[in-house]
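Atoms considered below: every heavy atom in the structure, side chains included; atoms not considered: hydrogens, waters and symmetry mates. Quantities reported herein were computed from a predicted structural model and do not represent experimental measurements. Residue numbers start from 1 in every chain, and the chains themselves are labelled A, B, ... in the order their sequence lines are given, proteins ahead of strands.
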Number of protein chains: 2
Amino acid sequence: MGQKPTLKNVAQLAGVSEMTASRVLRGVGDVSDRTKEKVKTAARELGYVPNRIAGGLASRSVNLVAVIVPSIRNYVFPEVLTGISDALAESELQPVFGVSNYDLEQEERVINDMLSWQPQGIILAGLHHTEAAQKMLEAANIPIIEIMDCDGDPIDMCIGISHRQAGQDMARLIMERGYRKIGFVGTQMPLDFRAQKRLEGFKSELAQNDMQLSDEIYYDARSSIAKGRDMTVTLMERSPDLDCLYYSSDLLAVGGLMHCMTSGLSIPDDIALAGFNGLDMLDGLPTRLATTHVPRYEIGLRAAKAILARKENPDMPLKDKMQLLDISTEMADTL
Amino acid sequence: MGQKPTLKNVAQLAGVSEMTASRVLRGVGDVSDRTKEKVKTAARELGYVPNRIAGGLASRSVNLVAVIVPSIRNYVFPEVLTGISDALAESELQPVFGVSNYDLEQEERVINDMLSWQPQGIILAGLHHTEAAQKMLEAANIPIIEIMDCDGDPIDMCIGISHRQAGQDMARLIMERGYRKIGFVGTQMPLDFRAQKRLEGFKSELAQNDMQLSDEIYYDARSSIAKGRDMTVTLMERSPDLDCLYYSSDLLAVGGLMHCMTSGLSIPDDIALAGFNGLDMLDGLPTRLATTHVPRYEIGLRAAKAILARKENPDMPLKDKMQLLDISTEMADTL
DNA sequence: GTGAAAGCGCTAACAC
DNA sequence: GTGTTAGCGCTTTCAC
């Protein structure tokens, strides 16, 4: 198990030059079938694995796309990543994932790390970055796709939804249904700009109709069903006259739903519920939860395709600078 | 936005040699405070981002750990990845994630890709690989940590649980509780070796007691709550006398639970349910589901630490070759 | 404390 | 169809 075999070793064993071996292994240029065979056999025999570090340096390009998301445990992002992977699967580009933990400083570090690998493009969640990160991205001279959130100005290109709009839409529906004592349940507010924007949109729409939230409750941790249930209990004890609850995420809302099911509350007569995301999980529940469907997979798919498109045609088509995808608000059984 | 600045540019602007600039930027060697300052200022001014491709080639080492999992959408793996990230966060090593889609051929391709980046170590799920993949891994001459599944022989080191044991344990408990007409609900059987091993363990334990599964149902797709509900309905219509259902995953079992809740079945009197994984999600449900708790985060944590440890001390301590973690079977309300 | 020379393993560009 | 030359951007080594 001595030293790892290099292209030189393969070339020597095959009795050809390094260049020829390189051509065969990469499948480029014209090489006779006979030499092809010799090189391939030699490579197999040695268990040769090309060194992309060297290859990347020589060709001054690596087929990487950097992808940075706030969290990987949040059910939302794995679907976005899947969209990205699927879109890149047919190309020679490869995604590399990094996580920022909803922390702008950490995001900056991750961006720097990623950039140091000289990727072909970068996809990252959100429009908010540190000043230094912003500068690095602008200077990188590669396609930058900011995803998920389109309420603001992208550095380069933006693919996502309007979270403000999502909040407004839900507020309007809730008011149309006649609810008047509305409570809000959220987590991770200071960390999650998108949840904040939904809440802002929600509140502003209420205000337009001379209404406001009757009560709000926040918890600074990861969303979970259990947390949603506990917060619902606390909030309803504190404000028993609430007739509708808007949650910052489906996971929390499912917790509320579970609470209602066990405590015998009738939905939506005793209390109405609404979440956000449109998680697949909702399909399996006994009651269909009102929510806003977000095309997560589609966002990932488009972001990756945008990078692919830019590789072909480096002149940015300005009209597509901002791709605002449709969201659909579902009333379902709980509103 | 011309050419990306290189170390040379930084050195020139700072009026020092490339070598000195390199030392400052990496924080190694003795450099006077005055030159340090000059270099740092120059780097900042140019927006210099080091080229790790070049650095890696020169130093013949990159601080990467390759991590390959079958899926990122399965709720299990994000937690493993989080454990890995957390363990590596304090080190200078960085994880790179790849996905095999429960496909051995694709896994082989991903392993090859990963290895071509010359990582310091590799963490991958399962003990089953193609012959070619096996060879590449053996030849790589770096720590190989196979995680999740410890029923078999690792290439190098193995950290996980015995899925066979998990199946056996659950079968024993179910029999102890007096259930006699047992059904099984599973997905993705041919693709998921670990689910297979659980089922084997489960069946063999039944056989030990002269029992066998009364009915089984499989579906070849991603697990989901909705799928679990639908399959439960189908199975119970087909075999109405079943008194207990064992699911290949919690997600499916939750679907069964939802079905029972809506159709007014009493648990565990009408039907008992058991899942596998111990997902956090279960904490929020109205009924506590019987399940096997798997220390997913811990597995990731240990795998990463094993690689860190090997960097310090390259002589493999053979006694730790196999780290079998404890699993706990929870009876809860549904058994 | 700093610098000069050499080279990591590969590929672009050109010659033959 | 194949080989030669040069060099990617950085770090190692050794000299001063």
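- Contact annotation: B/Thr20 side-chain N/O to C/dG3 OP1/OP2 distance is under 4.0 Å.
- Under the 4.0 Å criterion applied to side-chain N and carboxylate O atoms, B/Glu45 and B/Lys40 are not assigned as salt-bridge partners.
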The contact string for nucleotides 7-16 of chain D, one letter per nucleotide 5' to 3', using protein heavy atoms under 4.0 Å with B, S and - for base, sugar-phosphate only and none, comes out as BBBBBB----
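- Side-chain N/O atoms of A/Thr82 and A/Ser85 include no donor and acceptor closer than 3.5 Å.
- Overall bending of the helix from C/dG1-D/dC16 to C/dC16-D/dG1, expressed as the angle between end axes built from five pairs apiece, is 30° (10° steps).
- Heavy-atom contacts from other residues, nucleotides or ligands closer than 6.0 Å to CD of A/Glu131 number 12 or fewer.
- Protein atom CG of A/Asn9 is 13 Å distant from nucleotide atom C1' of C/dC10, rounded to whole Å.
- Between the CD atom of A/Gln118 and the C1' atom of C/dC10 there is a distance of 16 Å, rounded to whole Å.
- The backbone N or O of A/Val31 lies less than 3.5 Å from no partner atom in the side chain of A/Thr35, so there is not a single donor-acceptor pair.
- B/Tyr75 meets the ring-ring contact (aromatic ring centres under 6.0 Å, His included) test with A/Tyr75; sequence neighbours excluded.
- Between B/Arg310 and B/Asp156 there is a salt bridge, since at least one side-chain N of the basic residue sits less than 4.0 Å from a carboxylate O of the acidic one.
- Looking at residues 27-37 of chain A, you'll see A/Asp30, A/Val31, A/Ser32, A/Thr35 sit with a heavy atom under 4.0 Å from some atom of DNA chain D.
- Looking only at atom types and distance, the side chain of B/Ser100 has no donor-acceptor partner in the side chain of B/Gln106 under 3.5 Å away.
- Every residue two or more places apart in sequence or in another chain that forms a salt bridge (charged side-chain N to carboxylate O under 4.0 Å, His left out) with A/Arg302 is listed here: A/Glu298.
- Not counting sequence neighbours, A/Tyr102 has no partner by the ring-ring contact (aromatic ring centres under 6.0 Å, His included) test.
- The main-chain N or O of A/Phe77 is never found under 3.5 Å from a side-chain atom of A/Asn74 such that the two would form a donor-acceptor pair.
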